[in-house]
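One structure below.
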Amino acid sequence: MQKIVWIAGMPRSGTNWIGQIFASHPSVRYKLCPLFSYEFKNALNEHSTADEWSALLQDTYDTRSEYLDQDYLRRDALVPHFPERDATPSTLAIKSTRYLHLLPRLLDLVPNAHVIGIVRDPRAAIHSWLSNPLEFPASADPSTEWRSGRCRKTAPGEYWGFEDWKAVALLYLNLAQRYPNRFHLAHYEKWVCTPIACTTSVLDTLGLTLHSQTETFLRESQVEHKDHPRAVFKHPSVTSRWTASLDPAISAAIVAELEGTPLASFLS
């Protein structure tokens with residue numbers, strides 16, 4: 001294992017799809033977040049040492065499990081099976097929508113770690129959450145929860161709602177300045193619109209080349225469409241679907257709050 005790539009983003013920000021781009025590369029071993037797994041639940045915190053980080057990352061690379069390897073999603077054809085695979089992939093990729101507050105520690109303590117910080121237009125991300133019955137409780141009130149996300153914060157390291165979106169986006173801008181060669185800020189909408197160019201650019205920074213298996217996934221993932229919230233096969237129109245469905249009052253409040261700030265750059 002020569003490199004670690006931590007794919008991080010708020011829930012409903014396209015992390016599943018971008019994660020599968022890395023999973024499709026034969027030189028990448030792809031895992032879901034170990035800190036949310038049965039095997040390594042909450043194994044690290046803000047005070048963990050470099051040795052503890054190193055041990056967890058190696059254990060994650062070596063461990064095969066139902067959750068870490070997404071077997072439960074693959075059985076339902078929500079994510080694909082990629083047959084071409086190196087025997088010992090050089091890169092470990094981890095996808096997480098939790099524990100984002102630990103990203104500075106990861107970059108501080110693990111010199112061969114890269115982070116891909118994914119940001120989606122907050123109006124699209126919030127609409128995707130509010131309209132997802134697997135994630136938004138039926139008894140919750142969207143008119144208040146869209147901002148706080150309180151109804152969904154049931155465990156440490158959870159990020160939901162507009163206030164958390166702002167905090168994460170600001171964190172990413174800061175990390176992009178502090179670690180320009182190892183923190184890679186990714187605009188979800190741009191990646192959907194230009195998937196080959198964005199994928200090639202990020203792979204180049206990691207010393208990887210675009211593989212035919214990855215090209216095939218990029219093409220097929222945008223042709224076939226599955227409505228299941230956890231599926232990675234989505235038509236590119238997902239970037240604008242929110243415009244016809246999100247409460248106009250919520251949309252207007254978001255725009256008014258971000259206009260004139262650095263975070264306005266994330267409005268598509």
Side-chain angles (χ1 to χ4, degrees), residues 1-75 78-82 85-118 134-135 152-160 164 168 171-172 175 179 182-184 186 202 206 208 230 232:
M1 180 175 60
Q2 299 169 7
K3 279 194 178 74
I4 294 96
V5 181
W6 198 284
I7 303 158
M10 286 279 293
R12 315 308 305 165
S13 291
T15 57
N16 280 342
W17 178 65
I18 292 176
Q20 290 305 305
I21 294 173
F22 285 87
S24 70
H25 198 289
S27 297
V28 174
R29 180 167 291 177
Y30 180 73
K31 303 284 185 176
L32 293 186
C33 183
L35 299 176
F36 196 67
S37 69
Y38 293 112
E39 295 83 359
F40 309 112
K41 184 82 169 177
N42 297 324
L44 298 176
N45 58 39
E46 298 92 330
H47 309 294
S48 297
T49 66
D51 286 345
E52 289 170 329
W53 273 96
S54 179
L56 176 71
L57 293 168
Q58 187 62 56
D59 286 346
T60 301
Y61 183 90
D62 293 336
T63 300
R64 180 102 175 77
S65 82
E66 171 90 359
Y67 172 77
L68 288 173
D69 294 289
Q70 291 191 300
D71 292 342
Y72 67 105
L73 295 176
R74 199 166 291 108
R75 275 196 299 272
L78 299 176
V79 300
H81 169 68
F82 299 111
R85 183 68 49 208
D86 294 350
T88 54
S90 62
T91 301
L92 170 66
I94 292 171
K95 192 275 288 190
S96 182
T97 59
R98 299 176 172 89
Y99 310 101
L100 305 181
H101 61 292
L102 296 180
L103 295 178
R105 292 290 289 170
L106 169 67
L107 290 165
D108 281 344
L109 298 176
V110 185
N112 62 335
H114 290 246
V115 172
I116 299 177
I118 304 166
L134 298 179
E135 301 285 12
R152 202 45 193 82
K153 296 176 186 178
T154 57
E158 296 268 9
Y159 294 83
W160 297 94
D164 282 355
V168 169
L171 171 66
Y172 285 4
L175 292 176
Y179 303 93
R182 294 197 294 130
F183 185 89
H184 314 283
V202 171
L206 300 172
L208 299 171
R230 293 186 179 136
V232 296

Kindly indicate whether the side chain of [X], heavy atoms from C-beta on, has any atom under 4.5 Å from the side chain of [Y].
{"X": "Pro104", "Y": "Leu175", "result": "yes"}
{"X": "Ser96", "Y": "Leu35", "result": "no"}
{"X": "Tyr99", "Y": "Asn42", "result": "yes"}
{"X": "Ile7", "Y": "Ile18", "result": "yes"}
{"X": "Tyr172", "Y": "Leu100", "result": "yes"}
{"X": "Tyr61", "Y": "Ile4", "result": "no"}
{"X": "Val79", "Y": "Tyr72", "result": "no"}
{"X": "Ile116", "Y": "Phe22", "result": "yes"}

[X] side, atom [atom1]; [Y] side, atom [atom2] - distance, nearest 0.5 Å:
{"X": "Ser37", "Y": "Tyr67", "atom1": "OG", "atom2": "OH", "answer": "7.0 Å"}
{"X": "Lys3", "Y": "Ser90", "atom1": "NZ", "atom2": "OG", "answer": "7.5 Å"}
{"X": "Trp53", "Y": "Leu106", "atom1": "CH2", "atom2": "CG", "answer": "4.5 Å"}
{"X": "Asp71", "Y": "Ser65", "atom1": "CG", "atom2": "OG", "answer": "7.5 Å"}
{"X": "Phe36", "Y": "Thr97", "atom1": "CZ", "atom2": "OG1", "answer": "8.0 Å"}

Do the side chain of [X] and the main chain of [Y] share a donor and acceptor less than 3.5 angstrom apart?
{"X": "Ser54", "Y": "Asp51", "answer": "no"}
{"X": "Gln58", "Y": "Ala55", "answer": "no"}
{"X": "Tyr159", "Y": "His101", "answer": "yes"}
{"X": "Thr60", "Y": "Leu56", "answer": "yes"}
{"X": "Asn16", "Y": "Gly19", "answer": "no"}

For His184 and His114, take the angle between the two ring planes, folded into 0 to 90°, and tell me which bin it lands in: parallel under 30, tilted 30 to 60, perpendicular over 60. parallel
Among residues at least two apart in sequence or on other chains, which ones pass salt bridge (Lys or Arg N to Asp or Glu O under 4.0 Å) with Arg98?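 Checked Arg98 against salt bridge (Lys or Arg N to Asp or Glu O under 4.0 Å); matches are Glu158.
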Run Tyr30 and Gln70 through side-chain contact (heavy atoms from CB on, under 4.5 Å) and show every step you take. CA-CA 9 Å; Tyr30 180 73; Gln70 291 191 300; 3.3 Å; yes
Can you list the steps and then say if Leu92 with Val28 is a side-chain contact (heavy atoms from CB on, under 4.5 Å)? CA-CA 6 Å; Leu92 170 66; Val28 174; over 6 Å; no
For Lys95 and Gln20, what are the C-alpha separation, side-chain angles and deciding distance, and is it a side-chain contact (heavy atoms from CB on, under 4.5 Å)? CA-CA 9 Å; Lys95 192 275 288 190; Gln20 290 305 305; over 6 Å; no
Could you go through Glu66 and Arg75, starting from their C-alpha distance and side-chain angles, then the distance that decides it, and tell me whether this counts as salt bridge (charged side-chain N to carboxylate O under 4.0 Å, His left out)? CA-CA 11 Å; Glu66 171 90 359; Arg75 275 196 299 272; 2.3 Å; yes
Not counting sequence neighbours, list each pair that qualifies as a salt bridge (charged side-chain N to carboxylate O under 4.0 Å, His left out) and has a residue in residues 23-48.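 Listed once each, the pairs are Lys31-Asp69.
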Taking all heavy atoms of [X] and all of [Y], pick out the closest pair and write down the distance.
{"X": "Pro34", "Y": "Leu68", "result": "CA-CD2, 3.8 Å"}
{"X": "Leu102", "Y": "Asn45", "result": "CD2-C, 3.6 Å"}
{"X": "Ala43", "Y": "Ser48", "result": "O-OG, 4.4 Å"}

Between Val5 and Leu206, does a side-chain contact (heavy atoms from CB on, under 4.5 Å) hold up when you go through it step by step? CA-CA 9 Å; Val5 181; Leu206 300 172; 3.6 Å; yes
Ser27 and side chain to side chain donor-acceptor pair (under 3.5 Å): which single residue from Thr88, Thr91, Asp86 fits? Asp86
Start with the C-alpha distance between Arg105 and Asp108, add both sets of side-chain angles, then the distance that settles salt bridge (charged side-chain N to carboxylate O under 4.0 Å, His left out), and finish with yes or no. CA-CA 5 Å; Arg105 292 290 289 170; Asp108 281 344; 5.2 Å; no
